[in-house]
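Numbers here simply count residues along the sequence, with the first being 1. Hydrogens, waters and symmetry mates play no part in the numbers below; they use all other heavy atoms, side chains included. Computed from a predicted model, the values in this text were never measured in an experiment.
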Amino acid sequence: MNSIQQSVFDALPGKRKQSSGGWISFNAVCCHHNGESVDKRGRGGVIMNGDAVSYHCFNCGFKTGWQPGRHISFKLRKILTWLGVDENTRQMLNIEALRIKETVELLTPDEDAIVVEFKPRPLPDGVVTLDDAPKHIQQYAENRCLPLEKLLWSNSKPAGMWKRIIVPFTWNNEVIGFSARSTDNAGRPKYFTNHDSGYVYGIDNQLPDARFVVVAEGLLDAMCISGVAIMSNQCSEQQAQIIDTLGREVILVPDRDSAGQRLIDDALEYGWSVSFPEWETDVKDVNDAVVRYGKLFVLKSIVDAKQTTSLKINLMRKKW
C-alpha cells in the first residue's frame with residue numbers, strides 16, 4: 001500500500017471483514033452525518049484497487065475515493081475525520097497527494113467532481129471598460145493596484161453605480177453576476193452585489209499548471225494577486241469543493257481581524273495551508289500589502305510564510 005491507502009486502512013474499525021472480491025466491510029461511519037440512522041449492518045466498504053482507494057456506503061449512498069493524480073477531496077477528508085484520523089495526519093496526506101500529483105498523469109475522471117450551476121444575471125445598464133470611465137474612477141483602481149482590464153463602469157443611477165467600479169463574475173466564462181465597489185469609502189453599501197450564493201471569484205482566471213492557489217476573504221484582495229475570493233468571513237462547503245477542484249495546494253491568507261480567525265478554523269477543517277506573512281502591523285489585508293510592497297513581493301511572502309500543520313497554524317494565529 002502507498003501511504004494514503006495505509007492511512008485509510010489503519011483507521012478502519014477493528015470489527016470488519018474482507019470479502020473474496022477485496023471489499024473490507026464495517027459499520028459505515030457516514031450515515032448519521034447524512035441524516036440516516038446509524039449503520040449496524042456493516043454497510044460501509046473500502047476497497048484498494050492498485051494504488052487507489054475507494055469508500056462506498058451501501059446504506060446512505062455516500063462514496064468517495066482517491067487515486068494518484070488527484071488531491072484529497074473534501075468528501076474524503078470527511079471520511080478520514082469520521083474514522084478518527086487527526087488533523088495533522090489529514091494535512092500530511094493532503095501534502096503527499098499533491099506531491100504524487102506532480103509525478104503522475106490522471107487517467108480517469110474524478111468521481112468526487114461536483115456539478116455546480118449559477119443562474120446568469122445581467123451586468124448593470126450601459127457598462128463600459130475603465131478606459132471610458134472618468135479619471136477619478138480610473139485613479140481609484142490604479143491606487144488600489146487593481147487590474148484595470150478586468151473592471152467595468154456604468155454611468156447609471158441605481159445603487160449609485162456611477163461612483164463604483166464593477167467586477168463581473170464569470171463561471172465557465174459566462175457572466176453570472178457582478179459586484180460593484182464604491183470608490184467613496186464613506187459610500188454605503190460599500191459593495192452592491194448581484195449573484196447566487198456559493199460562488200468563488202477568480203476560479204476562471206486560474207492557470208491550469210499553477211502549483212497553488214491563494215484564497216482571500218475580500219474581492220479586491222484576490223484581484224490584485226490573481227487569487228480567489230470567497231467574499232465572506234466563512235467558507236461554505238460548496239465553496240471549499242469548488243476550490244478543491246483546482247487540484248493544487250490551497251493557501252488561505254486571513255485578514256488580521258476576528259473574521260480572519262473564523263476563516264482559519266475553516267482552513268483547518270478543509271485541510272488547507274494558512275499563511276501568516278510578516279507585514280507591518282498596519283497592513284490589514286492582502287490589498288493593503290500589495291499597495292505598499294507590490295504584487296510579486298506579496299506573493300513570495302505569502303508562500304514563504306505558509307504553515308501546513310494544525311499545531312503551527314494554531315500557534316501562529318495567536319500572533320495574528
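Closest approach of T193 and S179 over heavy atoms only: CG2-OG, 3.1 Å. Closest non-hydrogen pair, Q5 versus M1, comes out as OE1-CA, 3.4 Å. Of all non-hydrogen atoms in Y270 and C235, the two that sit nearest each other are OH-O, 2.7 Å. The heavy-atom pair separating I242 from G198 by the smallest distance is CD1-O, 3.5 Å. Residues A159 and F192 approach most closely at CB-CD1, 3.7 Å, considering heavy atoms.
Ring-plane geometry between W279 and Y293 is classed as tilted, the angle between the planes lying from 30 to 60 degrees on a 0 to 90 degree scale.
In this structure a side-chain-to-backbone donor-acceptor pair under 3.5 Å is missing from Q307 to F276. With hydrogens and angles ignored, the 3.5 Å screen pairs no side-chain donor or acceptor of Q91 with any backbone N or O of T309. Judged by distance alone, with hydrogens and angles left aside, the side-chain atoms of Q239 form a donor-acceptor pair with the main-chain N or O of I230 at under 3.5 Å. Side chain of N94 to backbone of R90: no donor-acceptor contact under 3.5 angstrom is found. Judged by distance alone, the side chain of Q234 and the main-chain N or O of L263 form no donor-acceptor pair under 3.5 Å. For the pair D39 (side chain) and V29 (backbone), a donor-acceptor distance under 3.5 Å is absent. A donor-acceptor pair under 3.5 Å links the side-chain atoms of W153 to the main chain of W162, judged by distance alone. In terms of modelled atom types and a separation under 3.5 Å, the side chain of W171 and the main chain of V175 share no donor-acceptor contact.
Going from atom CZ of R41 over to atom CG of N59 covers 8.0 Å, rounded to the nearest 0.5 Å. With values rounded to the nearest 0.5 angstrom, I225 atom CD1 is found 5.5 Å from L299 atom CG. Put simply, SG on C145 and NZ on K295 are 10.5 Å apart, with the number rounded to the nearest 0.5 Å. Distance check: D255 CG to D221 CG gives 5.5 Å after rounding to the nearest 0.5 Å. Going from atom OG of S273 over to atom CD1 of I251 covers 6.0 Å, rounded to the nearest 0.5 Å. The distance from atom CG of D285 to atom CZ of R256, rounded to the nearest 0.5 Å, is 10.0 Å.
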- Message: Between D184 and K190, does the salt bridge (charged side-chain N to carboxylate O under 4.0 Å, His left out) criterion hold? Intermediate values first, please.
- Response: CA-CA 8 Å; D184 177 5; K190 182 182 294 185; over 6 Å; no
Exercise for review: Go through V85 and S7 one step at a time and tell me if the side chain to side chain contact (heavy atoms under 4.5 Å, CB included) criterion holds.
Suggested key: CA-CA 8 Å; V85 177; S7 293; 5.9 Å; no
- request: Could you walk me through whether F62 and K75 pass the side chain to side chain contact (heavy atoms under 4.5 Å, CB included) test, one step at a time?
  value: CA-CA 9 Å; F62 188 95; K75 290 178 69 177; 3.9 Å; yes
Open item on the list: Go through it in stages, so that I can follow the logic: the residues are Y191 and M231, the test is side chain to side chain contact (heavy atoms under 4.5 Å, CB included), and I'd like the CA-CA distance, side-chain angles, deciding distance and then a yes or no.
Closed with: CA-CA 10 Å; Y191 285 93; M231 299 174 291; over 6 Å; no
Evaluate side-chain hydrogen bond (donor to acceptor under 3.5 Å, both in side chains) for Q139 paired with N143, printing each intermediate quantity in order. CA-CA 6 Å; Q139 192 62 53; N143 290 343; 2.9 Å; yes
Take V167 and F178 through the test side chain to side chain contact (heavy atoms under 4.5 Å, CB included) and record every step on the way to the result. CA-CA 6 Å; V167 183; F178 68 92; over 6 Å; no
Distance-only criterion, 3.5 Å: show the donor-acceptor pairs between side-chain atoms of residues 117-128 and protein atoms not counting sequence neighbours.
from	atom 1	to	atom 2	distance (Å)
R121	NE	D196	OD1	3.2
R121	NH1	N194	OD1	2.8
R121	NH2	D196	OD1	2.6

Distance-only check: which donor-acceptor pairs under 3.5 Å involve side-chain atoms of residues 42-53, not counting sequence neighbours?
from	atom 1	to	atom 2	distance (Å)
R43	NH1	F58	O	3.4

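No path of Ile, Leu, Val, Met, Phe, Trp and Tyr side chains, each step under 4.5 Å between heavy atoms, connects V250 with V214, placing them in separate hydrophobic clusters. There is a path of hydrophobic side-chain contacts, each under 4.5 Å, that joins V200 to L252. Residues F9 and L80 are members of one and the same hydrophobic cluster, defined by side-chain heavy-atom contacts under 4.5 angstrom among Ile, Leu, Val, Met, Phe, Trp and Tyr. Side-chain heavy atoms closer than 4.5 Å link hydrophobic residues (I, L, V, M, F, W, Y) into clusters, and following such links, even through other members, never connects I95 to V274. Under the 4.5 Å side-chain heavy-atom criterion for grouping Ile, Leu, Val, Met, Phe, Trp and Tyr, Y140 is not connected to I166 through any hydrophobic cluster.
Put simply, the side chain of L151 reaches to within 4.5 Å of the side chain of M223, judged on heavy atoms. When side chains are defined from C-beta on, W23 counts as touching H56, because their heavy atoms get closer than 4.5 Å. Using a 4.5 Å heavy-atom cutoff, the side chains of L220 and L146 are in contact. Residues C30 and C60 have side chains in contact (heavy-atom distance under 4.5 Å, counting atoms from C-beta outward). For the pair V303 and S275, the minimum side-chain heavy-atom distance is 4.5 Å or more. Residues T245 and Q241 are not in side-chain contact: their nearest non-hydrogen atoms beyond the backbone lie 4.5 Å or more apart. Side chains of P13 and L83 form a contact here, defined as non-hydrogen atoms less than 4.5 Å apart. For the pair V213 and I243, the minimum side-chain heavy-atom distance is below 4.5 Å.
Identified under the salt bridge (Lys or Arg N to Asp or Glu O under 4.0 Å) test for residues 140-168, with sequence neighbours left out: none. Within the structure, the salt bridge (Lys or Arg N to Asp or Glu O under 4.0 Å) test picks out the following pairs touching residues 228-250 (sequence neighbours left out): R77-D244, K78-E237, E249-K306. For residues 199-209, every residue pair satisfying the side-chain hydrogen bond (donor to acceptor under 3.5 Å, both in side chains) rule, not counting sequence neighbours, is listed here: T170-D204. Listed by first and then second residue, the ring-ring contact (aromatic ring centres under 6.0 Å, His included) pairs involving residues 27-49 are H33-W82 (not counting sequence neighbours).
Look at R262 and D266 and you find no salt bridge, because none of the NZ, NE, NH1 or NH2 atoms lies under 4.0 Å from a carboxylate O. Ionic pairing of R292 and D282 is present here: one or more N-O contacts between side-chain nitrogen and carboxylate oxygen are shorter than 4.0 angstrom.
Judged purely by distance below 3.5 Å, without hydrogens or angles, the side chains of D265 and Q261 never pair a donor atom with an acceptor atom. T89 and D86 share a donor-acceptor pair across their side chains, judged by distance under 3.5 Å alone.
Counted within 6.0 Å of CE on M92, heavy atoms from surrounding residues, nucleotides or ligands total 12 or fewer; the atom is thus considered open.
When L98, I4, N88 are each tested for a side chain to side chain contact (heavy atoms under 4.5 Å, CB included) with L93, only one passes: I4.
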